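Here is how names work: the chains are called A, B, and so on, in the same order as the sequence lines, proteins then strands, and each is numbered from 1. All values derive from a computational prediction rather than experimental measurement.
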Amino acid sequence: MATLYVDGQAFSVDPTQNLLHECLSLGLDLPYFCWHPALGSVGACRQCAVKLFRDEGDHQGVIVMACMTPADDGTRISLVDEQARDFRARVIEWMMAHHPHDCPVCDEGGECHLQDMTVMTGHVHRRYRFPKRTFDNQHLGPFVNHEMNRCIQCYRCVRFYNDYAGGTDFGVFGSRDHVYFGRAADGVLENEFSGNLVEVCPTGVFTDKTLKAHYTRKWDLQSAPSVCPHCGLGCHTTVAEHDGVLRRVQNRFSADINGYFLCDRGRYGYAFVNAPERLRRTSLRNAAGRLNLAPADALLQELCTRLGGNMPLIGIASPRASLEANFALRTLVKPENFFLGWSAVEDACARTMLAVARGIAPLASLAEVESSDAILVLGEDITQTAPRMALAARQAVRHAAFAKAKALGIPVWQDLAVRQAAAGLKSPLFIASVDATRLDDAATECWRGAPDDMARLGFAIGRRLSREEAGGETFPSAMEGFSQRVARALAGAARPLVVTGSSLGCPALLDAAAHLVGALRTLGLPAKLALGMPERNTMGLALMGGESLHTLEQATQKLPACALIVLENDLSRRIGEAAADRVFAQAGLTVLIDHKRHAGVERADYVLPAATFAEESGTTVNHEGRAQRFFQVFSPPDDIQASWRWLRDIGRGLGREPCDRWTALDDVLHTLEETLPVFHGLAQAAPEATYRRHGLKLARKPHRASGRTAVHAHLDIHEHQPPTDCDSPLTFSMEGHQGSPPGPAIPVFWAPGWNSVQALSHFQREVGGTLCGEGPGLLLIAPAQQVPEFFQEIPPAFVPRDDALYFVPAWHIFGSEEQSAGSPAVRERIPAPYVALRPEDAARAGLAAGDTAALEVGAVRLRLPWIAHPELPQGVGSLPVGLPAMPWLMLPAWGAVAKASR
Amino acid sequence: MQLPILTALGSMWEILRHTFRPRETIQYPEEKPRLPPRWRGRIILSRDPDGQERCVACYLCAVACPPDCISLQATEDAYGRRYPAYFRINFSRCIFCGFCEEACPTDAIQLTPDFEMCEYDRRNLVYEKEQLTISGTGKYPGYNFYRVAGLAIHGKGKGQAENEAPPTDLKDLRP
Amino acid sequence: MGRRGEGKPVSSLAQGLANAFGILVGLLGLAAGLIWVERRLLALWQDRYGPNRVGPFGLLQVVADMIKIFFKDDWVPPFADAPVFVLAPMVIVLSTLGAFAVVPLAPGIGVSDLNIGLLFFLAMSSLGVYSVILAGWASNNKYALLGALRGAAQMLSYEVFMGLALMGVVLEAGTFDLRSIVIAQRHLWYCVPQFFGLVVFVVAGIAEARRLPFDLPEAEAELVAGFHTEYSGLKFGLFFVGEYIGIIVISAMIATLFFGGWLGPGLPPIAWFLVKVAVGIAFFILLRASLPRPRYDQLMAYGWKVMLPVALANLAVTGAVVVARAGGG
């Protein structure tokens, strides 16, 4: 530690950091624009000027930029020095010279870093009387709104979009005071992380376009800490609501997981909650076979009467539902009748992942992905299935540059200098995939192959690392060469990482990855495994355990006598429409608990509207086995309630223990902990409902929330008490503790004078460090300590067939995930249905450019436009997964392709 | 030094003299008071000199309101002009403090010298935008926010606001 | 006990009852009317109108208020000591009414002529403090209790020199009988020889009646409403009536003891008495209109450090003068 003297007061600081970083960590107010904790310093905006003194006797001092000056031991600076203050005020005045008179109609207003900094420097009066320069805006797609007049040229946007997220379609144009940040021409921002521009931009140039459609100021938003429900990474989000409408999702910092950034699916996928077509009312199928609305009480009573005899219950769980909901189902239907709501393939993948994590490979968090210095991505297209992991992997590549900079004596926060010194130097990132991926540009080398071949590649590398004979297996020379380079890179790394996942539906890949990590660990390297998972609670469901839907499909004679309870699951997306129809047709009675309207609704006898992630509190387990609590944001309208409450109500009606005793979430959690030891400690993953700060619950609304006595005055002149929340330590109003709650329960980042998201630094132990209070969640999976048992089964090589193509699933960040696909903004980015074919394979099938392909995959026949993907291996095609406009296909599968007749 | 009793007697005398002073009370309703133009009475929403709604739905009045009796929802027309989709004041909660008027950056919300708005039913004191909007500029003639703001709206493109240069030509690299 | 008064004796029972009933009704009516008088006078001195809408000159305002108060929910707080809570407001009305019993309004008009009338008056007016204490105690409310404690201390203190102040009058008149005291003032009202006695008695009287500026037991700025915080409706009304009767009693006593009671030229005796009482009441209201409430410790300090010495000195001097005059005579 070094000693820094700020205005004569001594502070203990980190000498490897810069002055601005340390001043903010100390909680001192120093204005800044271009610096960002994740992007480093470039000294572009000249706003963080401070006076630097030579020694104790120096009273003259010089003005330096705090972000560009290291916090060396004994440094003496002054923030309040008259000259430094005047300098900062003048800089703001220059920036404001052209800033438009827009604040009242600007979406950033009230949470604008520029506003905060202007107030902080004390600039109030505009002296510049000449015309303001203006710019034309660009249409940047459904996510980000562009208002270029407001720009203050801090360069944060390009530094994030191009340097950090690897975007290529955005840049800075023009010269002098004509500097323009945008695309070469109007068009959708292609990068998967474009939404972060909204938070990165210190003013209102880039704003959230979905928020604009139902605009609410930050001070009116009722927010709660949440966990993104759109993939298995479990990124932390702040979800905000006003007047019954979910308004926006923002990144919620967590040092271990998503840091400062979020992917666009996580940020913009929320609007399915507001969708008018979602399930909101309890309904019941009448004798004529039509679904009619019915009051919840009456419906439950009738349901329980029908179940009342000894009708066995069969429960179909869901990786999309919370642990509590799944456990409530398991308790209601008894473990032997509890089926994990996924297909045999998904089940195999999930089991393998769990076995791998428990046996060999410690799972890596996103922060650990980012700190790895050699990565092999095996099969998983993480940009599409686990986008935030791709962004982390992209940063991991910079470790070589950091090492070089360090050797040259350049601190890592000197962003521009580090990037210049790197001169294209990258840490090893090897990508093995079926098709080209969006991360290829960051990769050292890419390799394409069919899933089984990639598994073989994994084994080949593992064998090379452990210098074992392949047991009679021989690998082609191309694979050998690649595996040699990968093996060398991984073995030479300090923190090697293997990334894979279940998206290709190939358990062998997971075996191979496990084998590889095992080999690395045998070498004494702290190798880790990062897993991409398609759904938010895949790991949680795997931990809970049960049989897959395949077993249920077999039990055909059992079904007719049973009542089927389907929990937040669209069975057609699991086992295909035909199989799902068969299950529904056989079941004696079907109860569906869901929020999304899908094919299952038309087959259910009772439909109970479930709460979405924003309308209930609950727990999910992410890809690294971290149990995390997400908190309810608002009280849902109509009949909607949390799934576990519906199941509890059914349990009560049937007099089943212990469901009938559950009143609050913590009751379920405690029963869960008692029943399944693997979840021990789960209730402590976040503050429990009884948590109080200074005797108060935590307020979801900021203290300035407005309109309380008018917002519903047209409906009822009397103001009703806000709903009570027995599931969490938060309240549905501005009444409650507003200061500094523990990390997992911070509803919104705000500090006096810091209205923008930059207020975050006031909640961190140090800038960029962990949040004050407890850490995020609870790790449930600890790998075995002893030397692991290797996964050894090498699959045979992939052999292309003449009569058919092997279709693998192509996941899309927008469209493949079921919930976010219901969001209008995301819907605009969902690709049109297609089939991707290698041009040679297409030519063999007689397809010319522009032709429509006729496909037969499994029992499904399709006509799709085809597109050429030359990087696909021979004999392999790819089909997009789960697009709303396409029927569900059970992939991977062999299928026939031909030219469609007109 | 004054004896306390003397000061007490002094004040009693002073009060007693008020017996012959005229009364300040105005005998409302027979006699109407003269209210100055800045009287803080019934709140209205004014229009700009072009006859358009002045309110740009910035929420500043709502956040300034001590009894939280203003509620609105911002929306935009097809050209990006922002206005309130609804604007509601619950006068049964309003304390006529005038903070909303002070907070308003566009002179849209104004308090008027009218206080005769009693109702027998509280529900009738909830005023919507239709009841609040008047057809003139109210106390502040002349100001039109969108003529000053940089935001483009229908009929006013980029660079056409007051004191604005035409939009920059990015292809022009001359110094 | 005997009658020493001048004029017609109150002989028959019927006449006595009629007399008493008439005074009771008149007193209660006057007390109610005083509400209107006070509000109008305060308004006058504050350059306002006061109640002027209900009936002529707003006279029916009192009726309206009474109707309102009658129809209010007769509520006893669940945490209160109910019997005592109900009893307390009655005590104040009864004690002040009792005190008025000995006031000689005019020759032949008066409820009762006691030869120890003055002592009876002092005794009855001291009983009023029970009402305050019982109300405060029974309310089971911290503000009420604090008000009651203040009331007890205040009345106990001012009781002392209230009595002492009157002893000068007794010495001069040589009797406790109020009629005799009035008649003794035929030549000179005692306000002249007993000026200091008058001042002390007026101050003590205000304190006894808990009127502004000595309304510390209520002190709405600090104690919500002091001892009657929990009271509402008719019971609150009783406290109100008790307070106004108290004003009338004190004014009547001032008139009787220091301003020659019914004595005066020209007008009938009862008119003189009423005029003097009215001036006294107006003076009380003027005090309310003009003086701020002292701090509690100031109130006690005035009492013990100023009023008591003045009363004692007055008594000593009066005694000396009476002895000297007797010796000389």
Side-chain angles (χ1 to χ4, degrees), chain A residues 98-107 109-110 128-137 145 147-150 172-180 182 184 204 211-220 242-243 245 702 704-719 734, chain B residues 56-65 67-76 80-82 85-94 104-106 121-126 128 145-146 148-153 157-175:
Chain A
H98 292 302
H99 197 74
H101 188 68
D102 264 2
C103 295
V105 290
C106 174
D107 287 359
Y128 182 79
R129 357 174 226 106
F130 304 99
K132 289 180 182 180
R133 67 130 162 67
T134 59
F135 292 106
D136 283 321
N137 300 330
N145 188 65
E147 185 62 45
M148 189 53 210
N149 279 358
R150 298 169 186 158
V172 49
F173 306 94
S175 66
R176 56 187 178 94
D177 68 341
H178 287 178
V179 173
Y180 189 88
L211 174 66
K212 204 179 179 64
H214 40 228
Y215 185 65
T216 309
R217 293 261 182 233
K218 183 181 181 179
W219 60 66
D220 280 345
H242 178 67
D243 196 14
V245 178
R704 296 190 302 193
S706 76
R708 184 179 53 85
T709 63
V711 65
H712 297 133
H714 61 307
L715 303 172
D716 187 355
I717 193 73
H718 304 287
E719 288 108 37
M734 71 276 269
Chain B
V56 299
C58 71
Y59 292 91
L60 286 179
C61 50
V63 74
C65 182
D68 287 344
C69 73
I70 303 180
S71 176
L72 65 150
Q73 174 60 55
T75 189
E76 275 175 12
R81 183 187 171 112
R82 190 164 282 200
Y86 78 83
F87 193 105
R88 183 177 307 128
I89 299 182
N90 180 355
F91 278 110
S92 75
R93 286 287 186 194
C94 179
C104 185
T106 68
D121 188 342
R122 259 184 85 193
R123 281 172 296 184
N124 295 340
L125 285 166
V126 178
E128 297 287 342
F145 171 78
Y146 279 111
V148 186
L151 202 73
I153 54 160
K158 285 282 170 205
Q160 291 174 3
E162 277 173 22
N163 203 19
E164 271 191 354
T168 307
D169 178 9
L170 293 175
K171 307 238 159 63
D172 177 15
L173 289 179
R174 282 175 300 176

Interface moiety of Ser92(B) toward chain A, non-hydrogen atoms closer than 4.5 Å: side chain
Distance in Å, Glu76(B) CD paired with Lys212(A) NZ, rounded so as to fall on 0.5 Å steps: 4.0 Å
Interchain contact, Ala705(A) with chain B, by part (heavy-atom threshold 4.5 Å): backbone
Residue Arg150(A) versus chain B: region with a heavy atom under 4.5 Å: side chain
Lys/Arg N to Asp/Glu carboxylate O, Lys158(B) vs Glu147(A), below 4.0 Å: yes
Separation of Cys69(B) SG from Arg708(A) CZ (nearest 0.5 Å): 10.5 Å
Chain A interface, residue from Val148(B), Val63(B), Val126(B), Val56(B) that has the most non-hydrogen pairs under 4.5 Å: Val63(B)
Side chain, backbone, both or neither of Asp243(A) within contact of chain B (heavy atoms, under 4.5 Å): side chain
Salt bridge Glu719(A)-Arg93(B), side-chain N to carboxylate O under 4.0 Å: yes
Residues Asp68(B) and Arg704(A) bridged, charged N to O under 4.0 Å: no
His714(A) and Arg123(B): CA distance, side-chain angles, deciding distance, side-chain contact (heavy atoms from CB on, under 4.5 Å) verdict: CA-CA 8 Å; His714(A) 61 307; Arg123(B) 281 172 296 184; over 6 Å; no
Portion of Asp220(A) that has a non-hydrogen atom of chain B nearer than 4.5 angstrom: side chain
Region of Asp136(A) in contact with chain B, defined by heavy-atom distances below 4.5 Å: both
